[in-house]
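Take a look at the structure set out below.
Residue numbers count from 1 along this sequence. Read the numbers this way: they start at 1 and go in the same order the structure lists the ligands and their atoms.
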Amino acid sequence: MDITKSKKLFSRAKEVIPGGVNSPVRAFKSVGGVPRFLSRGRGAYIWDADDNRYIDYMMSWGPLILGHAHPKVVEAVREAASAGTSFGASTAGEIELAEMVIDRFLAVEMLRLVSSGTEAAMTAIRLARAVTGRELVVKFDGCYHGHSNGLLVKAGSGLATQGLPGSAGVPESAARGTISLPYNDLEAVWKTFDKRGEDIAGIIVEPAAANMGVVPPVEGFLNGLRMAAEKDGAVLIFDEVISGFRVARGGACELYNIRPDLVCFGKILGGGMPIGAVGGKREIMERLAPAGNVYQAGTLSGNPVSVAAGIATLRELETPGFYERLNNTTKKLALGLEEILTEAEIRVVINRLTGLLTVFFGEGEISDYQLVQNCDMDRYARFFRGMLDEGVYLPPSGYEAWFLSSAHNDDEIERTLKAAGNVVEELTTNEYE
Ligand SMILES: *Cc1c(COP(=O)(O)O)cnc(C)c1O
């Protein structure tokens with residue numbers, strides 16, 4: 001595979017962009033090899049600067065549930081952009097998008113649009129602290145809620161991939177405001193609430209974790225969080241930046257039938273354009289300025305182009321059978337990979353939800369970050385490089401979810417499985433290299 005242009009671009013980028021990338025995982029540090037510079041995408045496919053084509057399972061890390069350059073989304077963006085890309089004043093589209101989210105999420109009575117998932121989580125935490133008058137936040141190991149100070153404690157993929165314990169530059173005081181507990185461990189939650197319940201402002205959780213690879217909640221976990229939060233008057237925040245509109249029309253809230261107090265959104269909500277949002281109970285949301293005294297603002301918040309892409313995307317998700325089809329495709333890929341790898345006597349566990357899966361090279365039930373870290377990430381790196389050579393672009397880290405879209409059809413799944421079959425031979429023969 002000729003990757004001359006990507007190589008050249010990467011060296012040029014390293015001169016002017018820290019690490020050559022604008023978000024760490026893009027640098028291929030944990031999987032090795034040359035990061036590809038991409039030039040275009042269509043449906044389930046992407047092309048790099050040397051015009052090599054790949055089946056894409058990264059899909060911009062989640063937003064592209066309809067595939068790359070979906071005609072309806074592109075048209076909506078074109079139309080919105082030609083009417084003005086930003087005003088700094090309100091537009092009707094913002095109301096429409098808020099109404100669409102409220103229609104899909106019982107827990108959401110009001111919505112505030114921001115520009116990223118990071119801001120959404122930051123705002124949710126600020127609200128939780130404001131309504132409770134408390135400071136402490138409970139999160140879970142391996143869950144990622146953006147890169148704000150207090151939430152970078154044991155924050156999953158990006159950090160795990162870099163091998164960093166947290167981040168330099170985060171004041172101890174900010175990290176002290178966060179307690180991180182093992183995911184799926186209700187006992188740890190109850191113990192923490194027994195000791196510190198009256199100091200806890202809120203619990204923030206990925207209700208279907210996908211930033212340490214896909215780790216679904218075990219039965220009773222989310223309900224337990226609901227009860228713990230209620231008992232001591234803490235705010236329960238579901239971070240649905242990935243799971244929202246993906247694992248079901250109404251996200252994990254619908255899938256597991258739980259009603260949190262606040263929900264964070266991003267990714268799919270912007271259809272591939274920058275966006276984030278926080279929504280929830282009216283009495284909490286009305287604390288936000290200018291209705292209330294919790295300050296939050298943004299020059300590009302509710303950007304008309306992002307909003308148009310979001311509306312077009314959510315509309316498309318209403319196609320009858322959309323989620324059933326996405327789930328079938330995901331299942332077909334997961335079962336196919338499992339069969340190929342198991343037949344080659346490679347230990348593998350595949351966790352999946354609708355439109356999301358992770359291939360873990362390990363065994364047993366993988367239900368928390370510790371268990372994820374026990375998996376063979378070197379083997380994932382070899383698998384990744386092999387698949388890339390075969391024209392299949394997996395997420396460049398074993399700590400990430402693979403993202404599927406409605407543009408992934410039987411043909412793409414079959415090609416992917418064929419590629420995996422070829423790579424498996426190398427995986428087993430080169431094992432001790
Ligand atoms: C991606 C992500 C974020 C951060 O969103 P950005 O738009 O990258 O700031 C927050 N929470 C979760 C669960 C995410 O997956």
Side-chain angles (χ1 to χ4, degrees), residues 21-26 58-65 105 112-126 128 137 139-162 167 178 180 183 202-217 222 225 236-247 251-253 255 260 262-280 296 298 300-303 306-307 309-310 313 353 355-358 369 372 395-397 399-403:
V21 293
N22 282 313
S23 200
V25 187
R26 296 180 195 172
M58 189 171 60
M59 301 311 285
S60 186
W61 303 101
L64 305 182
I65 192 164
F105 283 78
R112 168 62 58 87
L113 292 175
V114 295
S115 297
S116 67
T118 296
E119 284 174 76
M122 227 170 71
T123 305
I125 298 291
R126 185 170 298 156
V137 170
K139 76 175 282 292
F140 295 91
D141 303 349
C143 285
Y144 179 66
H145 307 292
H147 58 92
S148 67
N149 277 345
L151 292 174
L152 267 187
V153 184
K154 298 200 180 164
S157 54
L159 293 163
T161 297
Q162 297 294 300
S167 167
T178 310
S180 194
Y183 195 75
I203 306 176
I204 185 164
V205 65
E206 282 184 73
N211 277 289
M212 49 177 145
V214 175
V215 177
L222 298 175
L225 297 184
L236 180 62
I237 306 164
F238 275 10
D239 183 345
E240 294 235 38
V241 171
I242 283 181
S243 56
F245 317 106
R246 175 172 288 275
V247 299
C253 289
L255 187 61
L262 292 174
V263 189
C264 302
F265 302 97
K267 299 194 169 115
I268 290 175
L269 184 66
M273 296 294 294
I275 211 164
V278 56
Q296 187 283 322
L300 293 177
S301 291
N303 176 264
S306 298
V307 164
T313 300
L353 290 160
L356 287 172
L357 67 83
T358 297
Y369 193 39
V372 170
S397 160
Y399 292 94
E400 301 283 6
W402 303 18
F403 293 91

Sequence neighbours left out, what passes side-chain contact (heavy atoms from CB on, under 4.5 Å) with [X]? Give chain and number order.
X: Ser116; answer: Thr118, Glu119
X: Thr313; answer: Ile65, Leu66, Val73, Ile268
X: Pro207; answer: Leu222, Phe238, Glu240, Ser243, Ala252

- Message: Can you give me the closest heavy-atom contact between Ala209 and Cys143, atom names plus distance?
- Response: CB-SG, 4.4 Å
- Can you check whether Leu151's main-chain N or O pairs, donor with acceptor, with Thr178's side chain at less than 3.5 Å? no
- Item | Any Arg112 side-chain heavy atom under 4.5 Å of Ser301 side chain | no
Between the protein and ligand 1, which nitrogen or oxygen pairs come in under 3.5 Å, and how far apart is each?
| unit_1 | atom_1 | unit_2 | atom_2 | d |
| --- | --- | --- | --- | --- |
| ligand 1 | 5 (O) | Gly117 | N | 3.4 |
| ligand 1 | 7 (O) | Gly117 | N | 2.8 |
| ligand 1 | 9 (O) | Gly117 | N | 3.3 |
| ligand 1 | 9 (O) | Thr118 | N | 2.8 |
| ligand 1 | 9 (O) | Thr118 | OG1 | 2.6 |
| ligand 1 | 11 (N) | Tyr144 | O | 3.2 |
| ligand 1 | 11 (N) | Asp239 | OD1 | 3.3 |
| ligand 1 | 11 (N) | Asp239 | OD2 | 2.7 |
| ligand 1 | 15 (O) | Asn211 | ND2 | 3.0 |
| ligand 1 | 15 (O) | Lys267 | NZ | 2.6 |

